[in-house]
Q: 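Mind having a look at this structure? Questions to follow.
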Amino acid sequence: MHAPRTKRRIIGIICLLTGLALITAGCGNESNQSDAEKPTPSDSLAIVLVGADSVSVLELLLRDHVVDYQASAMGAFVKA
């Protein structure tokens, strides 16, 4: 009569320990790299444009740069 109760207790303890192990496994050390240390992509070009909310990105780009683009029904496509 005591054997089934002991077996249930052991199974319960094993489940509890397994759950705790799975929960703590996800709490490993995260990388604390600063923004300066993070690698930057070398194949992209970023242009910072500041403007009003109602101005499109193309309008901002045309304001300060010479850009060749093609207008279409889907929008404007900037040519490289």
Side-chain angles (χ1 to χ4, degrees):
M1 188 165 163
H2 293 290
R5 183 181 287 175
T6 306
K7 190 174 184 178
R8 284 186 206 158
R9 221 178 248 174
I10 291 173
I11 291 173
I13 291 171
I14 290 173
C15 289
L16 179 68
L17 292 175
T18 303
L20 288 173
L22 291 174
I23 290 172
T24 58
C27 298
N29 290 340
E30 294 182 13
S31 176
N32 290 331
Q33 281 185 324
S34 68
D35 290 335
E37 295 174 352
K38 291 181 181 177
T40 57
S42 60
D43 62 342
S44 65
L45 174 65
I47 300 173
V48 178
L49 302 171
V50 179
D53 288 337
S54 62
V55 179
S56 72
V57 173
L58 181 61
E59 291 170 339
L60 289 173
L61 189 62
L62 289 172
R63 182 183 68 192
D64 297 327
H65 303 283
V66 177
V67 178
D68 187 21
Y69 69 96
Q70 180 178 359
S72 72
M74 293 173 39
F77 294 94
V78 176
K79 296 180 181 179

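For reference, positions follow the sequence shown, starting with 1. This one's a predicted model, so the numbers in the text were calculated from it and none came from an experiment.
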Q: By the rule that ILVMFWY residues connect when side-chain heavy atoms come within less than 4.5 angstrom, directly or transitively, which residues belong alongside Phe77?
A: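 So far as hydrophobic clustering goes, Phe77 is joined with Met74.
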Q: Please enumerate all residues that pass side chain to side chain contact (heavy atoms under 4.5 Å, CB included) together with Leu20, with sequence neighbours excluded.
A: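 Residues passing side chain to side chain contact (heavy atoms under 4.5 Å, CB included) with Leu20: Leu16.
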Q: According to side chain to side chain contact (heavy atoms under 4.5 Å, CB included), who are the partners of Leu58, at least two apart in sequence or on a separate chain?
A: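 With sequence neighbours excluded, Leu58 shows a side chain to side chain contact (heavy atoms under 4.5 Å, CB included) to Ser56, Leu62, Tyr69, Ala76, Val78, given in chain and number order.
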Q: With sequence neighbours left out, what residues match Val57 under side chain to side chain contact (heavy atoms under 4.5 Å, CB included)?
A: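 Val57 satisfies side chain to side chain contact (heavy atoms under 4.5 Å, CB included) with Leu49 only.
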Q: Quick one: side chain to side chain contact (heavy atoms under 4.5 Å, CB included) partners of Leu17, sequence neighbours excluded?
A: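 Residues passing side chain to side chain contact (heavy atoms under 4.5 Å, CB included) with Leu17: Ile13.
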Q: Just do the side-chain contact (heavy atoms from CB on, under 4.5 Å) check on Thr6 and Ile10 with the steps written out, would you?
A: CA-CA 6 Å; Thr6 306; Ile10 291 173; 4.1 Å; yes
